Amino acid sequence: MKYNIIRYNTIDSTNKEAKRQIPSRQEGTVIISEEQTHGKGRLGRSWTSPKGKGIWMSIILEPEIPMDHMMGITSIGAAGVSMALDDMDIPSKIKWPNDIVVDGKKVCGILTEVVQELNGSFYAIMGIGINVNQDIVDFPEELHSKASSLKIIKGCEIDRELLLMNVLRRLRKLYLKFKLEGDISQSLKICRDNSIVIGREIYLIRGKEIKKGKALDLNMKGELVVEFDTGIEEISSGEVSIRAIDGYI
Ligand code: BT5
């Protein structure tokens, strides 16, 4: 897979732009923008993407795997970003399914979307947002207690281009293992080893329903295995959020 990086100064959302470009682009196309005016989170939430301060990008992938394994792509994204941060001496934790957390605050979110073309082929858009050089004033007030940037954490500006290259290099390796050999175990191992969820009591939030349970493990599809009073369930990432019982994670 060869990356083809397409850069924008401003765009609504790199995930949206990646979807618009699917008919004319190949796997490995990376849409990256200095700012997003309508950055998207999961479940209709928004993602703050101020100009020149972060990495806001989406990668077009064509993994040729069954639809119900597509969410494993998010685990690959989380593992790749976490390793790239390690490369820059920034130890991070992964909050299943899609957050990277440093010092207890969210520095990165991943949004995987699956698109089916009219010819039947499936694409996955792996959207990655990394807070790199924001100061605290660059975040809306409601995020001050739960979000941070690498600059705030490290106390110095971070080279966004170097980080981008590290992320893309780490991702390619993990993704090709998955696509060519059907092997996602390496990514899942990184997600397990760095998880701040596994082994903890959590609240699982699904729409208006909130259930208490204990996160036990990740299965081979990247789903979270949770033990409830009613039994063990495997939770797919699509429509749920989780909170730790003993505070924000
Ligand atoms: C996510 O959603 O964490 C997925 C974010 C994906 C963003 C990337 S940027 C490139 C690509 N193009 C897009 O349009 N999106 C992707 P979720 O788990 O739903 O978290 C969203 C929540 O995180 C919001 O409701 C806020 O509370 C919080 N949030 C918003 N902006 C943030 C930021 N910059 N840093 C940390 N937290 C933020």
Side-chain angles (χ1 to χ4, degrees), residues 13 15 39-47 56-59 61 63 65-85 92-102 104-115 122-131 146-147 167 170-171 174-175 178 184-207 209-228 232-245 247-249:
S13 146
N15 265 40
K40 292 201 297 178
R42 298 183 310 138
L43 310 165
R45 297 191 281 242
S46 63
W47 183 258
W56 325 123
M57 72 168 168
S58 302
I59 309 172
L61 301 171
I65 46 152
M67 184 70 181
D68 65 337
H69 281 67
M70 278 287 197
M71 283 302 150
I73 296 282
T74 302
S75 309
I76 295 172
V81 172
S82 183
M83 289 188 85
L85 291 177
S92 61
K93 294 280 175 199
I94 298 173
K95 182 190 162 203
W96 183 91
N98 67 318
D99 292 353
I100 307 291
V101 173
V102 179
K105 292 192 174 168
K106 178 164 172 171
V107 297
C108 166
I110 296 165
L111 173 66
T112 303
E113 295 184 277
V114 176
V115 177
F122 284 103
Y123 291 85
I125 309 287
M126 185 199 281
I128 300 180
I130 309 177
N131 300 326
K146 53 181 185 177
V167 171
R170 289 294 190 177
L171 281 177
L174 294 171
Y175 172 69
F178 177 56
I184 197 174
S185 59
Q186 209 178 338
S187 296
L188 293 179
K189 181 174 181 342
I190 294 163
C191 290
R192 276 191 200 102
D193 290 352
N194 295 296
S195 175
I196 40 168
V197 170
I198 293 171
R200 290 178 81 163
E201 302 276 326
I202 56 162
Y203 289 115
L204 188 98
I205 305 159
R206 196 191 270 138
E209 180 199 26
I210 301 183
K211 270 170 93 175
K212 191 174 160 182
K214 183 172 182 191
L216 299 180
D217 198 4
L218 294 179
N219 70 13
M220 287 309 285
K221 291 186 203 166
E223 295 168 341
L224 189 68
V225 183
V226 184
E227 182 175 33
F228 298 105
I232 290 178
E233 287 180 40
E234 298 184 329
I235 311 290
S236 116
S237 59
E239 72 296 5
V240 299
S241 295
I242 52 175
R243 295 278 174 280
I245 283 180
Y248 176 78
I249 49 171

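Nothing here was measured: the structure is a model prediction, and the numbers come from that model.
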Mind listing the closest non-hydrogen atom pair of [X] and [Y] along with its distance?
X    : Y    : value
S75  : S187 : O-CB, 4.2 Å
K214 : G199 : CE-O, 3.4 Å
C108 : I130 : SG-CG1, 4.0 Å
M126 : I73  : CE-O, 3.5 Å
G77  : I110 : C-CD1, 3.4 Å
L171 : G80  : CD2-CA, 3.9 Å

note = Sorted by chain and residue number, the salt bridge (charged side-chain N to carboxylate O under 4.0 Å, His left out) partners of E113 (sequence neighbours excluded) come out as K19, K40

request  = Just jot down the salt bridge (charged side-chain N to carboxylate O under 4.0 Å, His left out) partners of K211, sequence neighbours excluded, or say none.
outcome  = E233

ask   = Is it true that the side chains of T112 and T74 contain a donor and an acceptor less than 3.5 Å apart?
value = yes

If I take atom [atom1] from residue [X] and atom [atom2] from residue [Y], how far apart are they, to the nearest 0.5 angstrom?
X    : Y    : atom1 : atom2 : result
M220 : S185 : CE    : OG    : 5.5 Å
I235 : I242 : CD1   : CD1   : 10.0 Å
I202 : R243 : CD1   : CZ    : 11.0 Å
N194 : S82  : CG    : OG    : 4.5 Å
K105 : D99  : NZ    : CG    : 14.5 Å
S13  : L111 : OG    : CG    : 7.5 Å

I'd like to check [X] versus [Y] (side-chain heavy atoms, cut-off strictly below 4.5 Å). Are they in contact?
X    : Y    : result
P97  : L224 : no
L204 : F228 : yes
R42  : S241 : yes
I94  : S92  : no
Y175 : I184 : no

Hey, does the side chain of [X] reach the backbone of [Y] with a donor-acceptor pair shorter than 3.5 angstrom?
X    : Y    : value
W96  : G222 : yes
N219 : K221 : yes
S58  : N15  : yes

